[in-house]
There are 2 protein chains.
Amino acid sequence: MKRMPVRAGRPTIIDVATEAGVSRQTVSRVVTNHPRVAPATRVRVEKAIATLGYRPNRMARALVTQTSLTFGFAAIDMRDPHFGDTCFGMQVAAREHGYYLVVTELDFDDDRGLGTLETLLTLGVDGVALFPSILSDSDIEQFAASCGCPVVMIGRASKVPNVVSIAMDENAAAELVVDHLVERGKKRIGILMNEIFPEVVHQRYVALREAISNGTAVATAAVEAGYPRIAQGRIAATTFLQRGPDLDALIGFNDTMAMGALLACDDLGLRVPQDVAIVGYDGIPFGALTNPPLTTIVQDSIGMADAAFRSLLSCLEHGPPPEGKVLLWEPELLIRGSS
Amino acid sequence: MKRMPVRAGRPTIIDVATEAGVSRQTVSRVVTNHPRVAPATRVRVEKAIATLGYRPNRMARALVTQTSLTFGFAAIDMRDPHFGDTCFGMQVAAREHGYYLVVTELDFDDDRGLGTLETLLTLGVDGVALFPSILSDSDIEQFAASCGCPVVMIGRASKVPNVVSIAMDENAAAELVVDHLVERGKKRIGILMNEIFPEVVHQRYVALREAISNGTAVATAAVEAGYPRIAQGRIAATTFLQRGPDLDALIGFNDTMAMGALLACDDLGLRVPQDVAIVGYDGIPFGALTNPPLTTIVQDSIGMADAAFRSLLSCLEHGPPPEGKVLLWEPELLIRGSS
DNA sequence: TGATACGATGTCAACGCTCACACTAGGGTG
DNA sequence: CACCCTAGTGTGAGCGTTGACATCGTATCA
């Protein structure tokens with residue numbers, strides 16, 4: 001398979017040096033803003049750069065400096081607005097600091113995504129921010145130990161050595177949700193969750209069960225394989241409601257699943273919130289438009305993304321936290337029509 | 001600003017060569033699946049690779065081969081599900097072929113995004129897929145001429161030299177939309193568009209006006225600066241409906257804007273679709289959940305993304321189309337409750 | 001048995017860049 | 001005036017990898 005030469009004809013530092021009549025090192029100094037360059041020379045070099053349209057090759061630079069100004073960002077499905085918003089937040093922060101993001105979807109078939117992460121490393125990223133999803137804490141620990149760059153995980157609060165973990169306070173969130181539902185007179189609360197996120201689900205599930213056990217309501221769980229998109233949530237909720245013990249409230253693992261539940265209620269002729277109250281997690285913007293609008297636990301995706309970026313930067317400067325570090329975010333309950 | 005060494009201690013090809021007692025070239029041959037390696041040697045090298053956890057450095061490789069197995073993907077705001085879905089589609093195709101995606105948001109402040117694209121090139125991407133958004137055809141033409149790699153644009157049908165353009169047939173779409181609205185008895189159709197996408201908006205706008213002129217309806221346009229998210233659509237639609245000539249239908253530039261219009265109607269006490277019918281473009285999944293559900297022109301984002309990826313690959317193999325090339329996609333009208 | 005071929009491996013240079021160091025010229029110091 | 005210092009510049013090496021070529025040993029053939 002022959003290929004046309006890629007990036008053909010892009011001028012190199014040598015071309016600029018020749019054009020400006022200096023050595024490549026001088027050009028390098030100009031490009032990297034080194035102070036020891038005579039003003040006249042600097043001008044000459046800058047003119048040559050402009051003339052030739054020169055842009056330094058960041059791969060070559062990275063090879064020498066061992067720094068690519070590139071971070072990896074990995075999540076299970078960017079189509080989910082929660083991940084998308086987080087990705088956006090990291091983009092914004094990255095741009096501000098001259099960084100680029102290599103974005104990748106974690107592929108379950110590929111050793112739970114570890115293979116994809118490993119390959120990501122070969123691109124020379126300076127750090128990795130990821131939603132652990134299906135990866136366990138020990139997976140993450142092992143990855144962080146061998147990858148040779150800072151690792152930040154978003155969405156699960158775990159003290160993993162050398163890893164910064166950014167997550168919402170699940171206990172506070174669960175309390176907000178359950179208190180709210182109990183206040184609304186709901187007694188039989190179902191938890192609509194997905195077994196493919198054992199650890200996240202576990203944290204959220206445990207928190208919810210605990211919160212519920214303080215009240216009078218009954219908890220149950222429904223699970224459904226496959227990434228939780230609207231359709232999956234609809235199927236899971238339908239099954240759940242049909243065989244469930246007369247549920248009067250449903251808590252979705254995320255807004256997308258909760259939206260599926262909204263559709264399921266519609267399918268089954270159940271009124272929301274009178275017959276079944278529905279609450280989601282994440283606070284994606286589209287939740288404001290559903291019928292009825294979705295009550296949800298709002299996560300500050302952009303803020304968390306920004307923190308993730310800053311944490312990576314900080315790890316690069318001061319090293320990663322040896323015993324791990326957890327940044328906890330306060331949840332906010334946004335009450336709308338669905339509850 | 002001192003930094004910790006990045007990717008510290010990752011084994012190199014030399015380490016593997018030493019471990020296996022061969023030269024680095026032999027290791028390279030094993031890694032790249034070169035046929036001329038003795039089976040016994042191959043096994044020995046593979047064992048060394050496994051032992052050390054070696055992964056070839058793709059930057060170093062790219063420096064030599066001039067091929068990074070990396071594509072750039074640029075859009076104006078990944079939070080819009082249409083862009084997000086397209087990004088996802090490219091991810092899937094990329095993964096299948098061992099490619100990675102460098103994803104970037106185009107920043108308007110930065111020379112309409114051209115600066116961002118230029119920087120993207122310094123990362124050594126083998127090709128770029130982008131939503132042109134604010135960039136004109138001649139911007140794209142110039143970029144394609146100087147970037148030294150294949151360029152694919154998505155979302156605008158334009159014959160730009162050396163560029164593959166992937167877009168929906170706007171005329172067919174406009175006809176579907178307008179015919180449908182006329183059939184519903186609508187006579188005064190408003191077009192809710194955004195002036196920051198002059199070229200895309202232009203194509204869609206011209207197509208819609210033309211379609212409308214065939215019927216009896218009246219067309220108007222409302223514009224609003226800023227990227228079209230729900231909130232912007234709401235504001236624009238509100239202004240539009242308040243001062244507009246008794247509109248009985250509103251066509252949104254995309255689903256997000258149409259959703260804003262839905263909220264605006266709610267604000268103004270207008271019934272949808274009785275008082276005002278609303279139609280969007282894109283067919284994002286969340287449109288199924290609005291109140292009422294959104295009628296929309298469905299674009300096959302995943303399919304178009306796949307085509308974009310394949311086009312980049314094809315350009316690498318056979319060179320880009322000198323006079324440009326347009327791949328047109330058939331739109332589909334999904335009629336739901338909002339019209 | 002010697003020439004030939006070929007399979008298997010190694011060596012060298014290069015990709016584009018930066019780091020460490022060496023060098024030059026001019027200015028200040030004693 | 002010999003000395004050192006410093007600003008400004010150039011040189012060589014090397015980052016981790018692969019392409020081109022050279023080399024070696026062994027099997028094949030006349």
Side-chain angles (χ1 to χ4, degrees), chain A residues 2-3 5-45 48-49 52-70 121-124 126 148, chain B residues 2-3 5-45 48-49 52-70 121-124 126 148:
Chain A
K2 244 189 66 190
R3 314 213 135 181
V6 174
R7 293 184 297 289
R10 288 227 131 209
T12 76
I13 203 170
I14 304 252
D15 299 322
V16 177
T18 311
E19 170 83 13
V22 296
S23 73
R24 52 186 204 286
Q25 185 57 26
T26 302
V27 177
S28 173
R29 287 197 185 96
V30 170
V31 170
T32 56
N33 267 316
H34 190 98
R36 297 250 176 107
V37 180
T41 313
R42 167 158 275 138
V43 170
R44 207 143 36 94
V45 170
I49 288 175
L52 298 173
Y54 168 76
R55 290 269 187 177
N57 180 325
R58 312 219 316 185
M59 291 192 304
R61 179 182 284 173
L63 210 52
V64 178
T65 60
Q66 301 284 48
T67 299
S68 64
L69 295 184
T70 284
L121 292 176
T122 66
L123 289 171
D126 294 346
Chain B
K2 243 187 69 187
R3 314 212 134 183
V6 174
R7 294 183 297 288
R10 287 229 131 208
T12 76
I13 203 170
I14 305 250
D15 299 323
V16 178
T18 310
E19 171 82 13
V22 296
S23 75
R24 50 185 202 285
Q25 185 57 27
T26 302
V27 177
S28 173
R29 286 196 186 97
V30 170
V31 169
T32 56
N33 266 318
H34 189 98
R36 298 249 176 105
V37 179
T41 314
R42 166 158 277 137
V43 169
R44 207 144 36 93
V45 170
I49 289 176
L52 298 173
Y54 167 76
R55 289 269 188 176
N57 180 325
R58 313 223 308 187
M59 291 191 304
R61 178 182 285 174
L63 208 53
V64 178
T65 61
Q66 302 282 45
T67 299
S68 65
L69 295 184
T70 286
L121 292 176
T122 65
L123 289 171
D126 294 346

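Throughout, a chain's letter reflects where its sequence line sits, starting with A, and its residues are numbered from 1.
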To the nearest 10 degrees, the angle between the two end axes of the helix from C/dT1-D/dA30 to C/dG30-D/dC1 (five pairs per end) comes to 50°
So which atom in B/Met59 and which in A/Gly124 form the shortest heavy-atom distance, rounded to 0.1 Å? CE-CA, 4.1 Å
Quick one: A/His34 NE2 to D/dG8 P, roughly how many Å, whole number? 10 Å
Between B/Tyr54 and B/Asp15, is there a side-chain heavy-atom distance shorter than 4.5 Å? no
Could you check how far CZ of A/Arg10 sits from P of C/dC15, rounded to whole Å? 17 Å
Is there a side-chain contact between B/Val16 and B/Val31 in this structure, where contact means two heavy atoms from C-beta onward sitting under 4.5 Å apart? no
Give B/Ser23 one of three labels, base, sugar-phosphate or nothing, depending on what nucleic acid heavy atoms sit under 4.0 Å from its own. base
Roughly how many Å is it from CZ in B/Arg55 to C1' in D/dT17, rounded to a whole number? 17 Å
Could a donor-acceptor pair under 3.5 angstrom be found where the side chain of A/Arg24 meets the base of D/dG12? yes
Closest to the side chain of B/Gln66, out of D/dG16, C/dT18, C/dG16, is C/dG16
With a 4.0 Å limit, can you tell me whether B/Thr12 has a side-chain N or O closer than that to the phosphate oxygens OP1/OP2 of D/dC15? no
Identify which one of A/Thr26, A/Val22, A/Val30 satisfies the side-chain contact (heavy atoms from CB on, under 4.5 Å) criterion when paired with A/Arg44. A/Val22
What's B/Val37 touching, base or sugar-phosphate or nothing? Going by heavy atoms closer than 4.0 Å. sugar-phosphate
Please tell me which of B/Arg36 and B/Val64 maps to the more 5' nucleotide of DNA chain C, matching each residue to the nucleotide holding its nearest heavy atom. B/Arg36
Please find the pair of heavy atoms, one from A/Leu69 and one from A/Arg58, that lie closest to each other, and give the distance. O-NH2, 3.3 Å
Whole-Å distance between D/dG14 C1' and B/Ile13 CD1? 16 Å
d(CD1, A/Ile14; C1', D/dG10) in whole Å: 12 Å
Side chain of A/Leu63: nearest nucleotide among C/dC17, C/dG7, D/dC15? D/dC15
Between atom CE in B/Met59 and atom C1' in D/dT18, what is the gap in whole Å? 16 Å
Could you check if a side-chain atom of B/Thr70 sits within less than 4.5 angstrom of a side-chain atom of B/Leu123, using non-hydrogen atoms only? no
Contact class for A/Arg61 (heavy atom, under 4.0 Å): base, sugar-phosphate, or nothing? sugar-phosphate
Tell me the interatomic distance from A/Leu123, atom CG, to D/dG16, atom P, rounded to whole angstroms. 16 Å
Would you say the side chain of A/Gln25 and the base of C/dC19 hold a donor-acceptor pair, judged only by whether the two atoms sit under 3.5 Å apart? yes
Do B/Asp126 and B/Thr67 get their side chains close enough for a donor-acceptor pair, meaning under 3.5 Å? no
Does any donor-acceptor pair link the side chain of A/Arg29 with the base of D/dG10 at a separation under 3.5 Å? yes
Test A/Leu121 against B/Arg10 for side-chain contact (heavy atoms from CB on, under 4.5 Å), laying out the working first. CA-CA 10 Å; A/Leu121 292 176; B/Arg10 287 229 131 208; 3.4 Å; yes
Below the 4.0 Å mark, does D/dG10 have OP1 or OP2 next to a side-chain nitrogen or oxygen of A/Thr26? yes
N/O (side chain, B/Ser28) to phosphate O (OP1/OP2, D/dT17) under 4.0 Å: no
What's the closest nucleotide to the side chain of B/Pro56 if the choices are C/dC19, C/dT9, D/dT17? D/dT17
Interatomic distance where CD1 belongs to A/Ile49 and C1' belongs to C/dC17 [whole Å]: 13 Å
